[in-house]
Amino acid sequence: MNTVRVRFAPSPTGYLHVGGARTALFNWLFARQHGGVFVLRIEDTDLARSTEESTQAILDSLQYLGLDWDEGPKKGGSFGPYFQSERLELYKKYANQLMEMGRAYKCYCTPEELDKKREEQIKRGEGTHYDRHCLHLSEEEKARLEEEGRIPVIRFKSLDEGVTEVDDLIRGLVRFDNVAQVDDFVIMKSDGMPTYNFAVVIDDALMQISHVIRGEDHLSNTPKQIQIYQALGFPVPKFAHIPMILGPDRALLSKRHGATSVMQFKENGYLSPAMVNYLALLGWSYDDSQTIFPIPELVEKFSLDKVSKNPAVFDIQKLDWMNGVYIRELSLDDLFTEVKPFWQKAGFIPEEVSSELKDYCLRILKELQPRMKLLSESVEAARYFFTDDFAYKPEAVAKVFSKPQTEEILRYAADAVAGAPELDEEHLKPVFQAGLEKFGVKMGDLMQPLRVAVTGTNVSPGLYEVLALLGRDRVLKRIDRTLNMLKERS
RNA sequence: GCCCCCAUCGUCUAGCGGCCCAGGACAUCGCCCUCUCACGGCGAAGACACCGGUUCAAAUCCGGUUGGGGGUACCA
């Protein structure tokens, strides 16, 4: 009886963006916590903008985030179909029922006529609402209009008095004046499709949705929907309107703020659990100390009454930090699994990785792990481990190779490397230190030129580790190459 | 225009009448570690939008102002 049934109902008119993902996440968490059902429904009633690619992109995005649905596309369920475009008969049936009850009527007004009336209402300082011009049309008038070729829409006849209350789980009681706030809105368009405010009610009612968790942008539409529930005698679900996500300029988060598509985040190297963790914290918090929440803990601790009422600015820097935290928590093996596609795409490693190569990768990753925020960063950071043909970073050359004695120091380092039984700190450091006295310089003045010589950059993991990974041959070749370059330059 | 929602450090937030001259995290700055960069450790700076009430006592309750967001479609 009290089964929790929630749903995520995106319209396939583009990629899933982080706002939608966050809504999906809150629904999913709520369902999982209560042992309920998470339904995925595709709201594709906008014929002009809905595409199959978008549907697929949404499915892929949810999968990446690990938000599995119990009923919906590719999964089925006993409340289907789960595409609104396949539920047209249902909407028609209930629209007719409303008309028979006298709670809906055909309207022949053209968009132009309606626009004009709206403008006048605004000019007069009134709220905008349909003037019920078509409510009292006689059968003859209707027939005449249809002969003219006008195709009617169906409007809901809203209540003439009183207020409609939305008892929101997050915002508390919100009251709307029926006359001023609930228009005789269109429920069936002239193309035979239902409008959002109608279809959402029919579907949520028929799918026995118990809690409607959605963005705050739907709060103002809720009284309209509640009137439909009531007119049709459907039980009204509980509502929870979660705050919007904004960009740094406090405008609604959109493409112009940068990446907003979930798949884009995946491609940029964000780990799924980091993404989920960050999204969960946008508008929700647990206490005054914890910020890292593994998914099972989220399922356990999430609650709607800890959801904030104010809109949240999407902070990419915090997401980056969090991604770094999750990267550092990965085992090297798991990190390799995550990094693999990036390295394959860069041509560093083949499709099939030998155990010897994997071992090498793991050793590299051990050094890179504490320095990574994004998986994608590992490509540039690891380039010199996979190719000898790397470019020297101009800033590094300018800064490091401009010092006196550079070439002598590099030659000394080459000798040290050539003579050391092992390329590690234990064997190299004493030799390097001896060099410092000889040249009258500090450790950095020796290590930095050597670093640039073997990596092409002045920023890398610990040099001893890098040298050991590269091996004697490659190190000596690279020092040679650098020396030649310096000679040619002067 | 009309209606609805919201208002604590730059950002996400804790706070639900006294524990708060406001706590945490990211970002920023400084120090330590140190071969560079990270990681890690320590520390600094940084907020209750404003004005009125209510109360012995307000970040917390009420009203207003201002500001931000949303809705007002034959989009969802």
Side-chain angles (χ1 to χ4, degrees), chain A residues 9-13 43-46 48-50 84 107 109-111 114-115 118-119 121-129 151-155 166 168 170-171 174-177 180-181 183 185-191 193-197 199-200 215-223 241 243-244 246 248 250-252 278 281-292 306 308-322 324 328 367-373 381 396 400 425 429 432 442-448 450-452 455 457-464:
Chain A
S11 64
T13 54
E43 308 214 328
D44 55 350
T45 52
D46 185 341
R49 297 195 300 148
S50 297
Q84 288 189 327
C107 170
C109 295
T110 64
L114 295 170
D115 281 347
R118 253 194 299 271
E119 271 176 46
Q121 287 169 340
I122 290 174
K123 207 176 291 172
R124 272 182 265 127
E126 298 169 12
T128 56
H129 51 267
I151 302 166
V153 299
I154 300 175
R155 282 183 187 275
V166 180
D168 193 274
I170 293 168
R171 274 145 228 287
V174 185
R175 320 177 95 222
F176 296 86
D177 185 275
Q181 278 317 289
D183 198 10
F185 59 101
V186 174
I187 58 175
M188 294 296 283
K189 305 186 246 179
S190 54
D191 67 0
M193 294 301 246
T195 58
Y196 164 75
N197 279 315
V200 75
E216 198 204 317
D217 48 340
H218 289 105
L219 182 57
S220 296
N221 285 142
T222 307
H241 289 94
M244 308 306 300
L246 312 178
R250 301 220 135 250
L252 215 55
Y278 179 70
L281 254 28
L282 267 190
W284 174 82
S285 64
Y286 181 65
D287 59 19
D288 65 349
S289 60
Q290 189 174 0
T291 57
I292 299 297
K306 296 285 285 177
S308 154
K309 290 191 202 117
N310 27 355
V313 172
F314 191 86
D315 181 5
I316 193 82
Q317 281 184 313
K318 189 157 184 175
L319 206 212
D320 286 352
W321 164 79
M322 192 170 279
R328 270 168 255 133
E367 302 308 321
L368 259 29
Q369 189 174 39
R371 281 162 251 260
M372 263 200 258
K373 279 196 162 83
V400 176
E425 182 163 358
K429 196 170 184 180
F432 285 172
K442 294 192 173 157
M443 195 55 108
D445 298 317
L446 188 154
M447 302 278 264
Q448 280 301 78
L450 184 53
R451 169 173 277 117
V452 179
T455 69
T457 106
N458 54 345
V459 174
S460 84
L463 228 210
Y464 298 114

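Per chain, numbering begins at 1; letters A, B, ... match sequence-line order. Computed from heavy atoms alone, side chains included, the values below leave out hydrogens, waters and symmetry copies.
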Could you check which of rA14(B), rC4(B), rC35(B) has an atom nearest any side-chain atom of Q448(A)?
rC35(B)
Send over the distance from D287(A) CG to rA22(B) C1', rounded to a whole Å.
17 Å
Given rC74(B), rG69(B), rC3(B), identify the nucleotide with an atom nearest to the side chain of R155(A).
rC74(B)
Any donor-acceptor pair under 3.5 Å between the side chain of R451(A) and the base of rC35(B)?
yes
Take atom C1' in rG18(B) and the same atom in rU55(B), then report the distance between them in whole Å.
12 Å
Separation of rA76(B) atom P from M244(A) atom CE, nearest Å, is 17 Å
Round to a whole Å and report the spacing from CG of N310(A) to P of rG68(B).
16 Å
Measuring only between side-chain heavy atoms, which start at C-beta, is Q84(A) closer than 4.5 Å to P194(A)?
no
Among rA76(B), rC3(B), rC6(B), which is the nearest nucleotide to the side chain of P311(A)?
rC6(B)
Side-chain contact check for K306(A): nearest option of rG15(B), rC3(B), rC35(B) is rG15(B)
With a cut-off of 6.0 Å (strictly less than), are more than 12 heavy atoms of other residues, nucleotides or ligands near OH of Y464(A)?
yes
For I292(A) and rC39(B), give me the distance from atom CD1 to atom P, rounded to whole Å.
14 Å
Closest to the P370(A) side chain: rU36(B), rU13(B), rA38(B)?
rA38(B)
For D320(A) and rU11(B), give me the distance from atom CG to atom P, rounded to whole Å.
18 Å
Separation of R171(A) atom CZ from rG70(B) atom P, in whole Å?
13 Å
Quick check: any donor-acceptor pair below 3.5 Å linking the side-chain of R371(A) to the base of rC37(B)?
yes
From rG70(B), rG10(B), rG24(B), nucleotide with atom closest to K318(A) side chain
rG24(B)
Whole angstroms only, please: what is the NE2-C1' distance between H129(A) and rU72(B)?
12 Å
Does a side-chain N or O of T195(A) approach OP1 or OP2 of rC74(B) to a distance below 4.0 Å, or not?
no
Presence of R328(A) side-chain N/O under 4.0 Å of rG40(B) phosphate oxygens OP1/OP2:
yes
Given rG40(B), rG70(B), rA76(B), identify the nucleotide with an atom nearest to the side chain of S220(A).
rG70(B)
Looking only at rA76(B), rC4(B), rC6(B), the nucleotide nearest the K309(A) side chain is rC6(B)
Is the shortest side-chain N to carboxylate O distance from K442(A) to D445(A) below 4.0 Å?
no
I'd like to know if N221(A) reaches the base of rA76(B) with its side chain such that a donor and an acceptor end up less than 3.5 angstrom apart.
yes
What is the distance from CZ of R250(A) to P of rG68(B), rounded to the nearest Å?
11 Å
